[in-house]
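Accompanying notes for the structure given below.
Just so it is clear, the structure is predicted and the values come from calculations on it, not from any experiment. Side chains included, hydrogens not; waters and symmetry mates left out as well; all remaining heavy atoms used. Below, chain A is the first sequence line, B the second, and so on; all start at residue 1.
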Amino acid sequence: MSVVTRFAPSPTGYLHIGGARTALFNWLYARHHRGRYLLRIEDTDRARSTEAAIAAIFDGLSWLGLLGDEPAVFQSSAQARHAEVVEQMLAAGHAYRCYSTPDELAAMRAEAIAAKRTRLYDGRWRERDPAEAPAGVAPAIRLKAPLAGETVIADLVQGEVKIANSQLDDMVLLRADGTPTYMLSVVVDDHDMGVTHVIRGDDHLVNAARQTQIYQALGWTVPAFAHIPLIHGPDGAKLSKRHGALGVDAYRTMGFLPEALVNYLLRLGWSHGDDEVISRAQAVEWFDLAAVGKGAARFDLARLTHLNAQYLRQRPAAELALLIEPWLAAQGITLDAAGRARLVQAMPGLKPRAATLVELAEGASLYVAARPLTLSAKASALLDGAARARLAALVPALQAVTEWTEAELEACMRHEAERQGVKLGQLAQPLRAALTGRDASPGIFEVMAVLGPEESLGRLQDVLSQANAAAQQSG
RNA sequence: GUCCCCAUCGUCUAGCGGUCAGGACAUCACCCUUUCAAGGUGAAGACACGGGUUCGAUCCCCGUUGGGGACGCCA
């Protein structure tokens, strides 16, 4: 039997980071077993579903490369089928009409809580004669669940889980308005879509027992279940808004690469020995449910950041130059062909100094900033009178460099430092400040080589002439 | 209140009866060095607790504690 998995998000705003991991595990499991991976939008609750939310989910999945193998199924389109299945159950005596109103049920629940009793539905209409039905009340249809015994879930991650049937009440299958509930829809849809493995969050573990009862009432084969642990925030509590980024898109805007996020999510709860950086192809080959951990894991941004740095370095320079353009644009920097070429050339020196695209763009901006540069406070501090004098003396030497390469520039600078009787750093640091406007940058010879003689000397002159102007003004 | 799940360094984890309890991130130190990174070397750092089972428990069983989840005519 060929494996069929599915990811079934409800469209409530964005693709949650936990949902992304569920999707990933489903995708990997299907790929590993050469099966199919499907998508189903659980939009049964029409009021809470919006086009924008659905688009956001597809967008997130697309970015991560986790779109379904076939067009997504919309649960709301199968309502007639759901109602038909409930009719069958009614006819077979596996379901019954319940005339209790929502108000009545709420009162029943409140009473149970006050009396510290179980809050399960008490089955008051289970055996009652429908003739006693109150006039004008549309009934909900409930499952006639087994009273005694237990329901067993053979979970691929959690192991065998047994739940006493006394703990499971007669759940609603069809609402009074004729719409199906989630519990019924999932079962029917998973069955109709031929889903063989249901891989989802831990919070559905008890639901698996309820759904098993529905499968059994229908005489359908129960799929294999795998309930993966939830992701917690850094403080150990459930991941929530106050932890910052929740949606996958937020990580995208923080400058993370999709392959890094995927690798991070994969290792969160799943492991393969001591392997940390795992390619997509390798993950497909290695992935299995048995290696999924049982405990909830905390989200660790530092770890994601480190992984991102690794993947950043694997990307070709040209790709990275393209990827950072949006962040550059946000700084008001638009690139021409020469600027792009300069960034590509600068990438090898920029890469190891950045962990995210945001940092990479920040580092890259020095190469494409417009003259004259705005100096940072620390850069200005480096350019005191003595430093400026050293730089002024350096200018003729630089102008004499015939081959503007890293090696030639270094030779020139070392020679000049010796001539001036200073350490290389005393020359290099002020030069860095003048050429980059900052106190930290890639190697200064590399910076000069990428900038070219014209831009380098130009930036240097900017600083020197500003100093002259300032001196004339005060003097 | 009832039921279910979980438990190894700060964090993610390896371990599947006998290990100096391994790796990674983070932290600290040193090296490299024109700055900042990167890189290299090293350090510190964990089996929640109590009972069993066993010649021997991180590992198997029970309990305690702690954490999480579920108990809707939400999904």
Side-chain angles (χ1 to χ4, degrees), chain A residues 8-12 42-45 47-48 75 98 100-102 105-106 109 112-121 138-142 153 155 157-159 161-164 166-169 171-177 179-183 185-186 201-207 209-210 227 229-230 232 234 236-238 264 267-277 293-300 302-307 309 313 349-355 359 363 378 382 410 413-414 417 423-429 431-433 436 438-445:
Chain A
S10 53
T12 49
E42 309 252 306
D43 58 345
T44 304
D45 187 358
R48 269 166 43 182
Q75 190 158 62
C98 167
S100 298
T101 62
L105 294 172
R109 227 166 269 128
I113 290 171
K116 298 195 172 182
R117 280 199 326 265
T118 174
R119 5 190 134 162
L120 300 171
Y121 172 67
I141 314 290
R142 287 181 182 272
I153 308 158
D155 196 279
V157 170
Q158 305 292 343
V161 178
K162 297 174 183 172
I163 296 179
S166 60
Q167 292 298 324
L168 305 168
D169 60 7
M171 74 203 97
V172 171
L173 266 17
L174 212 57
R175 301 186 185 97
D177 66 2
T179 59
T181 60
Y182 160 79
M183 216 60 84
S185 311
V186 215
D202 217 344
D203 49 341
H204 283 288
L205 187 53
V206 177
N207 285 343
R210 308 183 96 98
H227 289 91
L230 266 19
H232 286 169
K238 203 161 93 171
Y264 176 71
R267 279 289 288 106
L268 204 57
W270 177 86
S271 59
H272 182 272
D274 285 338
D275 297 299
E276 299 288 350
V277 179
K294 291 179 167 189
R298 300 187 188 202
F299 195 89
D300 183 1
R303 204 176 159 79
L304 204 212
T305 304
H306 175 263
L307 221 31
R313 283 179 232 164
L350 255 19
K351 276 197 215 177
R353 294 176 168 76
E359 290 175 9
K378 284 181 176 174
L382 284 169
E410 176 165 2
M413 290 273 291
R414 287 194 185 279
K423 287 196 221 166
L424 181 61
Q426 289 175 288
L427 207 50
Q429 271 305 82
L431 184 61
R432 182 189 320 282
T436 70
R438 351 225 249 222
D439 63 317
S441 79
I444 194 61
F445 312 125

Kindly give the atom pairs (protein nitrogen or oxygen, nucleotide nitrogen or oxygen) under 3.5 Å for nucleotides 8-11 of chain B.
none

Taking atom types as modelled, find out whether A:Thr436 and A:Arg432 have a side-chain donor-acceptor pair closer than 3.5 angstrom.
no
Identify, with sequence neighbours excluded, every residue that meets salt bridge (Lys or Arg N to Asp or Glu O under 4.0 Å) alongside A:Lys378.
none
Strictly distance-based, threshold 3.5 Å: is any side-chain N or O of A:Glu359 a donor or acceptor partner for the main-chain N or O of A:Ala355?
yes
Can you tell me, in whole Å, how much space there is between the C1' of B:C74 and that of B:G15?
41 Å
Within this structure, what is the CG-to-P distance between A:Asp274 and B:A24, rounded to whole angstrom?
8 Å
Short heteroatom pairs, N/O only, protein and nucleotides 3-6 of chain B, under 3.5 Å:
residue: B:C3; atom: O4'; partner: A:Gln167; partner atom: OE1; Å: 3.1
residue: B:C5; atom: O3'; partner: A:Gln158; partner atom: OE1; Å: 3.3
residue: B:C5; atom: O2'; partner: A:Gln158; partner atom: OE1; Å: 3.2
residue: B:C6; atom: OP1; partner: A:Lys294; partner atom: NZ; Å: 3.0

List in chain and number order the residues that pass salt bridge (Lys or Arg N to Asp or Glu O under 4.0 Å) with A:Asp202, two or more places apart in sequence or in another chain; answer none if no residue qualifies.
none
Under the ring pair (Phe, Tyr, Trp, His ring centres under 6.0 Å) test, which residues partner A:His306, sequence neighbours left out?
none
Taking side chain to side chain donor-acceptor pair (under 3.5 Å) as the test, write out the residues that go with A:Gln158, two or more places apart.
none
Can you check the distance between B:C25 and B:C73, where both ends of the measurement are the C1' atom (answer in whole Å)?
47 Å
Just to verify, what does A:Arg414 make a salt bridge (Lys or Arg N to Asp or Glu O under 4.0 Å) with, not counting sequence neighbours?
A:Glu410
Sequence-aligned protein contact record of nucleotides 37-43 of chain B, with B where the base is within under 4.0 Å of a protein heavy atom and S where only the sugar-phosphate is:
BSS----
Those residues that, when tested against A:Asp274, pass side chain to side chain contact (heavy atoms under 4.5 Å, CB included) (two or more places apart)
none
Does A:Ser271 put a side-chain nitrogen or oxygen below 4.0 Å from OP1 or OP2 of B:A14?
yes
Which nucleotide sits closest to the side chain of A:Arg267: B:G69, B:G1, B:G23?
B:G23
Answer yes or no: does a side-chain N or O of A:Arg109 lie under 4.0 Å from OP1 or OP2 of B:G72?
yes
Rounded off to whole Å, could you give me the CG-to-P distance for the A:Leu268 and B:C12 pair?
8 Å
For A:Arg353, check side chain to side chain donor-acceptor pair (under 3.5 Å) against everything at least two apart and list the hits.
none
Would you tell me if any nitrogen or oxygen in the side chain of A:Arg432 comes within less than 4.0 Å of OP1 or OP2 on B:U33?
no
Enumerate the protein-to-nucleotides 60-65 of chain B contacts in which both atoms are nitrogen or oxygen and the separation is below 3.5 Å.
none

Does A:Tyr182 have any ring pair (Phe, Tyr, Trp, His ring centres under 6.0 Å) partners at least two apart in sequence or in another chain, and if so, which?
A:His204
On a whole-Å scale, what distance lies between the C1' atoms belonging to B:G45 and B:C36?
29 Å
With rounding to the closest Å, how many angstrom separate the C1' atoms on B:G10 and B:G51?
30 Å
B:G23 and B:A37: how far apart are their P atoms, nearest whole angstrom?
26 Å
Does A:Arg210 make a side-chain N or O approach to OP1 or OP2 of B:A70 shorter than 4.0 Å?
no
Could you work out the separation of B:C4 and B:C9 based on their C1' atoms and round it to a whole Å?
29 Å
